[in-house]
Amino acid sequence: MDIPWVLAWFLVLMKWLVKQEPSAYSWSDFVKDGKTSWTGVRNYTARNNLGKMKKGDQVFFYHSVEDKAVVGIARVVRTAYPDPTAKEGDWSAVDLAPIKALARPVPLQRIKADRRLKNIGLVRQGRLSVMPLTEPEFRTILRMAGK
DNA sequence: GCCAACGTTGGC
DNA sequence: GCCAACGTTGGC
């Protein structure tokens with residue numbers, strides 16, 4: 001049986017979450033730019049996750065330190081390429097573009113309080129800056145944001 | 001290859 | 001500002 005190509009494509013898309021300190025680069029900076037290259041990742045696990053991103057994947061934008069909340073959704077517009085800001089070493093960047101801000105940002109506190117989200121990197125590995133989310137995890141956060 | 005020392009991130 | 005968690009570095 002053939003799967004319609006639209007559905008097939010939907011099934012392979014992955015979900016991600018990236019962290020950024022808003023004092024360094026905020027969601028509003030991102031919206032103003034319309035697109036950005038996600039450079040500066042210097043952690044192997046995070047870099048490997050960047051490498052798995054596919055064009056069209058959806059990515060939550062999380063504000064660390066000051067806000068501690070998921071504030072928006074972006075999409076991958078260019079897959080991994082060598083990070084131009086890396087003077088040495090094998091580091092990667094991707095290009096992201098904003099889709100939309102969440103109606104209500106989802107604070108870390110609420111994420112931690114939800115049993116369905118207890119396995120996400122944000123909770124289990126606090127320092128990881130680029131992490132995958134399962135489809136249910138992604139939808140749970142989306143629902144918490146109130147459509 | 002082990003592990004102590006050190007550096008960084010990020011929540012509290 | 002503190003500190004836990006984690007990653008990296010470098011001496012042995």
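Numbered from 1 within each chain, the chains take letters A, B, ... in sequence-line order.
Residue contacts shown for A:K19 are limited to sugar-phosphate atoms, with no base heavy atom under 4.0 Å away. Counting any heavy atom pair closer than 4.0 Å across all strands shown, A:R42 reaches no nucleic acid atom.
Distance check, rounded to the nearest 0.5 Å: CG of A:D95 to CZ of A:R75 gives 11.0 Å. The CZ atom of A:F61 sits 6.5 Å away from atom CZ of A:F30, with the distance rounded to the nearest 0.5 Å.
Regarding A:Q20, its CD atom lies at a distance of 17 Å from the P atom of B:dT8, rounded to whole Å. A:Q109 places its CD atom 19 Å from the P atom of B:dG10, with the value rounded to the nearest Å. Atom OH of A:Y44 and atom P of B:dT8 are 16 Å apart (whole Å). With rounding to whole Å, A:R124 atom CZ is found 18 Å from B:dG11 atom C1'. With rounding to whole Å, A:L128 atom CG is found 12 Å from B:dG10 atom C1'. Rounded to whole angstrom, the span from the CH2 atom of A:W91 across to the C1' atom of C:dT8 amounts to 10 Å. In this entry the distance linking CG of A:N43 with P of B:dG7 reads 18 Å, nearest Å. Atom CD1 in A:I111 sits about 13 Å away from atom C1' in B:dG11, given to the nearest Å.
A:Q125 has a side-chain polar atom (N or O) that falls below the 4.0 Å cut-off from OP1 or OP2 of C:dG7. For A:Y62 and B:dG11, the shortest distance from a side-chain N or O to OP1 or OP2 is below 4.0 Å. Listed pair A:K112 / B:dC12 meets the phosphate criterion, a side-chain N or O lying under 4.0 Å from OP1 or OP2.
Using a 4.5 Å heavy-atom threshold, the side chains of A:R110 and A:L117 count as separate.
The aromatic ring centroids of A:W91 and A:Y81 lie 6.0 Å or more from each other.
The pair A:D83-A:R47 does not meet the salt-bridge criterion, since no charged nitrogen lies less than 4.0 angstrom from a carboxylate oxygen.
Minimum atom distance to the side chain of A:K68 is reached by B:dC12, of the listed B:dC12, B:dG10, C:dG7.
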